[in-house]
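Beneath this line is the structure, given in structure tokens, with notes to follow.
We name chains A, B, ... by the order of the sequence lines, and we start the count at 1 in each one.
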Amino acid sequence: MIPDSELQADLESIDAALRSGRADAPDSGTRELQGLALALSRDLPEPDPDFARRLDERLAAGFGRTSGAQLRRPRLVRPALAAVAVALVALAVSTSLMGRAPEGGAGGGGGVASKSADRGAAQESGGGSTSSAPAGDPAAGSESLPAPTERSAGGIAPRERVRRVERSASLTLAAPAERLDRLADDVVRVVDRRRGFVLRSSLGVGDEGTTGGYFELRVPARVLATTLRELSALATVRARSQSGEDITRPFATAADRLAAARADRRRLLRRLEEADTDRRALALRRRVLLVSAELRGLQARIRALRERTSYARVSVALESRPADSGAVLRGTGDAFRDGLGTLVLLLNLSLRALGVLLPLALLGGLAWAASALLRRRRREAALS
Amino acid sequence: MAAAPSPPAPPAAASSSFEELYRATFERVYAYVASLLGDRSVAEDVTALAYERAYRKRASFRPGRGSPEAWLFGIARNAALDELRRRGRTARLHEDRAQVEGAGPASVEDLAERLAVRAAVASLDPRERDLVALRFAAGLTHGEIAQVLGVSESNAGTRLHRALVKLREACRDS
């Protein structure tokens with residue numbers, strides 16, 4: 001093992017020889033090294049002048065593509081694909097986060113997130129209603145009716161493609177007492193515009209005017225979202241909730257029973273036509289009456305179920321809140337709350353996106369570093 | 001040759017500073033690449049490719065990371081190694097030596113010395129030959145060699161010294 005000092009001295013002697021062009025070290029061994037270095041530095045391949053000229057031209061042209069040289073592009077396919085994949089995953093995750101972002105920024109107050117997506121009636125299966133078929137049907141008759149068909153068996157009637165969902169929502173709006181009357185009128189105006197109706201309403205009046213109010217509304221289920229949006233825009237939303245109940249199964253059960261009852265009545269009517277004795281005809285008539293009564297009951301039930309899904313229940317409560325000292329301050333306060341809510345929402349989204357992007361970026365960085373290391377090792381392997 | 005790294009040039013002057021680097025290094029780059037590949041026509045292609053890559057990446061050069069020469073020779077080395085890998089050959093210095101001869105020897109003694117040195121170089125392993133080429137064909141300093149190879153300067157110096165000692169022993173034996 002050569003001591004570092006000797007090694008350094010040799011290397012410096014070689015450098016000196018290359019600078020001076022002479023191998024003049026006092027030590028013979030070092031002198032040999034110097035001579036070797038000089039020999040190596042003199043015996044070098046020289047470029048062809050024609051090649052030098054062509055390369056000069058290419059440099060002058062900024063290395064535009066020419067037919068002479070073989071251009072080998074660096075392999076960027078894999079890193080590019082990895083980067084694209086990372087970007088797509090980040091975009092997909094961010095988009096889903098944006099879609100699930102909670103409401104409430106613009107409305108201020110403590111809004112309660114909706115339980116189910118609001119897309120009108122009969123669209124998706126929400127919480128399953130497990131009400132069973134009506135018990136003690138008055139028109140059961142002496143003959144037993146066919147059992148419910150397979151499609152309505154089970155608690156949620158999963159095979160029904162068209163879902164029947166009963167939707168309801170509640171909203172609490174707050175406004176200064178002197179504005180509550182007008183707010184109540186606005187609520188009714190919105191409902192009328194959406195072709196709904198007010199089922200029940202009440203307004204509380206005190207010494208200082210209207211103190212509060214309550215509305216029980218029915219609006220077409222397909223415009224529930226729009227109606228809620230318009231109602232929410234009337235005043236400050238203090239609370240909001242939505243719910244949905246899937247009543248597909250009772251609907252399917254009732255429909256099945258209705259079909260069975262109809263079939264039964266048709267069969268009884270045929271037999272009545274063929275009755276050859278008065279006694280038999282009388283018995284059949286009695287049974288026809290019973291089945292007809294059952295039919296009417298089932299039809300009424302189906303109608304009621306349809307109404308439950310065609311119209312959504314909306315309850316609106318009106319509360320008074322202290323008026324601010326001036327319209328400007330009230331508007332400023334609302335604007336401040338809205339702005340703060342928006343900032344909080346943006347911060348939440350940014351944190352969530354960062355929580356996804358940072359690990360992805362770290363993974364991407366590690367993948368890039370691994371790729372670079374692998375590429376370097378492969379190159380070095382050419383010297384093995 | 002300017003050894004000190006220069007500060008990044010503004011875009012308008014980037015091409016001219018690259019041209020200066022090109023002029024200062026062209027023959028050395030060719031000598032290094034030809035020493036590694038042992039084939040004139042391939043060396044020309046790889047030299048051109050190395051300069052093209054360096055030209056396209058000139059804006060990415062960072063003076064803090066090392067000298068422009070080390071940066072350029074790193075690109076040239078990678079291009080040469082890619083070529084070797086593509087062709088599935090190990091580095092040979094003396095294949096078709098007639099194609100990569102240097103200037104003609106001045107005398108018979110010079111020719112004998114040259115042949116002896118070449119034979120000694122051929123006895124080195126490819127990594128040692130690469131090291132020798134970087135020092136004497138490319139004319140890089142130990143620090144620049146260390147940057148190209150991604151090792152410490154002392155490591156580069158030690159390995160170079162070891163290669164030269166082996167060369168010396170090979171020359172003595174021949």
Side-chain angles (χ1 to χ4, degrees), chain A residues 1-2 4 6-15 18 28-48 50-52 54-66 68-75 373 375-384, chain B residues 15 18-19 22 26-28 30-31 34-35 40 43-45 47-49 51-53 55-56 77-79 81-86 89-91 99-103 113-114 117-118 120-121 125-127 129-130 132 135-137 139 141-142 150 154 157-158 160-161 164-165 167-168 171-172:
Chain A
M1 185 86 173
I2 299 175
D4 282 350
E6 276 189 39
L7 190 150
Q8 274 305 117
D10 283 348
L11 292 176
E12 284 168 9
S13 298
I14 290 169
D15 289 345
L18 289 173
S28 63
T30 308
R31 207 161 46 246
E32 281 183 88
L33 290 178
Q34 288 179 321
L36 204 51
L38 288 170
L40 287 167
S41 65
R42 287 173 192 149
D43 185 22
L44 297 178
E46 290 184 357
D48 186 81
D50 193 46
F51 165 64
R54 280 186 280 119
L55 194 56
D56 284 352
E57 289 170 3
R58 286 190 61 199
L59 174 64
F63 286 99
R65 286 185 181 272
T66 60
Q70 296 172 12
L71 297 174
R72 295 174 183 86
R73 295 294 175 201
R75 294 193 170 203
L373 181 65
R375 194 164 53 243
R376 187 182 179 89
R377 285 197 174 169
R378 282 182 180 167
R379 280 180 172 146
E380 296 297 328
L383 293 174
S384 299
Chain B
S15 292
F18 182 85
E19 188 174 343
Y22 166 79
F26 169 66
E27 291 182 357
R28 291 187 289 140
Y30 176 82
S35 299
R40 176 178 291 279
E44 289 178 356
D45 285 347
T47 301
L49 178 64
Y51 276 109
E52 180 179 352
R53 283 182 183 173
Y55 182 81
R56 298 202 190 287
R77 183 171 184 269
N78 287 341
L81 292 180
D82 287 343
E83 176 60 29
L84 284 176
R85 199 157 57 94
R86 198 172 296 113
R89 299 189 296 184
T90 56
Q99 295 191 29
V100 290
E101 281 180 353
E113 181 188 5
R114 200 173 278 191
V117 168
R118 288 180 191 176
V121 171
D125 70 53
R127 292 187 191 279
R129 287 203 294 269
D130 177 41
V132 167
R135 181 67 184 93
F136 300 106
T141 64
H142 300 137
S154 64
T158 303
L160 180 65
H161 186 271
L164 288 174
V165 167
L167 273 179
R168 183 180 63 187
C171 286
R172 282 177 184 170

Assert top hit (heavy-atom pairs under 4.5 Å, partner chain A, pool B:Ala79, B:Ser154, B:Ala137) equals B:Ala137
Does any backbone or side-chain atom of [X] lie under 4.5 Å from a heavy atom of chain A? Answer side chain, backbone, both or neither.
X: B:Glu113; answer: side chain
X: B:Thr158; answer: both
X: B:Tyr22; answer: side chain

Do the non-hydrogen side-chain atoms of B:Arg53 and B:Leu49 ever get within less than 4.5 Å of each other? yes
Could you check if a side-chain atom of B:Arg85 sits within less than 4.5 angstrom of a side-chain atom of A:Arg378, using non-hydrogen atoms only? yes
Side chain, backbone, both or neither of [X] within contact of chain B (heavy atoms, under 4.5 Å):
X: A:Ala60; value: neither
X: A:Leu40; value: both
X: A:Ile14; value: side chain

Test of understanding: with salt bridge (charged side-chain N to carboxylate O under 4.0 Å, His left out), list the residues that count as partners of B:Arg77, not counting sequence neighbours. A:Glu380, B:Asp130
Is it true that B:Phe26 and A:Phe51 have ring centroids separated by less than 6.0 Å? yes
Counting only heavy atoms not in A:Arg377, do more than 12 fall under 6.0 Å of its CZ? no
For A:Arg379, is there an ion pair with B:Asp82 - N to carboxylate O distance below 4.0 angstrom? yes
